[in-house]
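Notes for the one structure printed next.
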Amino acid sequence: METTLVLIKPSGVQRGLIGEILNRFERKGLTVVGMKLKQLDSEILREHYAHLVDRPFFPSLVRSMTATPVVCLALRGLDAVSVVRQMTGVTNSRLALPGTIRGDFGMSGQENIVHASDTPENAALEVARFFAPGEIFDYKPCTLPAIYNPDEAAS
Ligand code: IDP
Ligand code: MG
């Protein structure tokens, strides 16, 4: 099973979408193994968005991501990273498909409601960036046999 990081960004928090977004991931069958509010600062954002620090919109991105606390979610499941990226939709919310979070709730490229890890390697780094080890809970929900077959659940 993979564990991936989702941030409900200030755009999602301000819009009152925390419950809606969490509901989608729960209904899908992902296990919430970590969850908290966190106020971000430019230091963690320079690390988290290291691939964007030299882009002209980076100061605006930092302002946007520090406007309110974000909701940090660690979600576990088979192929959780790609499943959650598909549920998130492409970066520009105006191009994101209906049925995705960005496609259903967003109109912006920057104010695009959620962050989701893009590869298993980055997911491991990002979960460790936003959660202390004691904040991730290794439990198996009793619904797992209804979500996966035994071979899948063992992987
Ligand atoms: P992703 O969130 O879909 O993985 P990234 O390219 O990793 O997209 O960019 C991280 C975040 O930076 C985006 O979610 C968006 O909020 C912001 N961003 C990316 N490209 C632009 C841009 O061209 N203008 C403004 N903001 C951008
Ligand atoms: Mg990204």
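Hydrogens, waters and symmetry mates are skipped; everything else that's a heavy atom, side chains included, is used. Treat the numbers as computed from the prediction; the structure is a model and nothing was measured. Counting starts at 1 for both ligands and their atoms, following the listed order.
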Practice task
Quick one: do Gln14 and Thr68 satisfy side-chain hydrogen bond (donor to acceptor under 3.5 Å, both in side chains)? Show the steps, please.
Solution key: CA-CA 8 Å; Gln14 302 269 38; Thr68 69; 5.1 Å; no
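- Protein residues are said to neighbour a ligand when one of their heavy atoms lies under 4.0 Å from it; for ligand 1 these are Lys9, Tyr49, His51, Leu52, Phe57, Leu61, Arg85, Thr91, Arg102, Gly109, Gln110, Asn112.
- Using a 4.5 Å cut-off on side-chain heavy atoms (C-beta onward), Arg46 and Val62 make no contact.
- The side-chain hydrogen bond (donor to acceptor under 3.5 Å, both in side chains) test applied to Gln86 returns no partner, not counting sequence neighbours.
- Under a cut-off of 6.0 angstrom, the local environment of CD in Gln39 is crowded, with over 12 non-hydrogen atoms contributed by other residues, nucleotides or ligands.
- Here the shortest heavy-atom pairing between Phe57 and Leu52 reads CZ-CD2, 4.0 Å.
- Using a 4.5 Å cut-off on side-chain heavy atoms (C-beta onward), Val114 and Phe105 make no contact.
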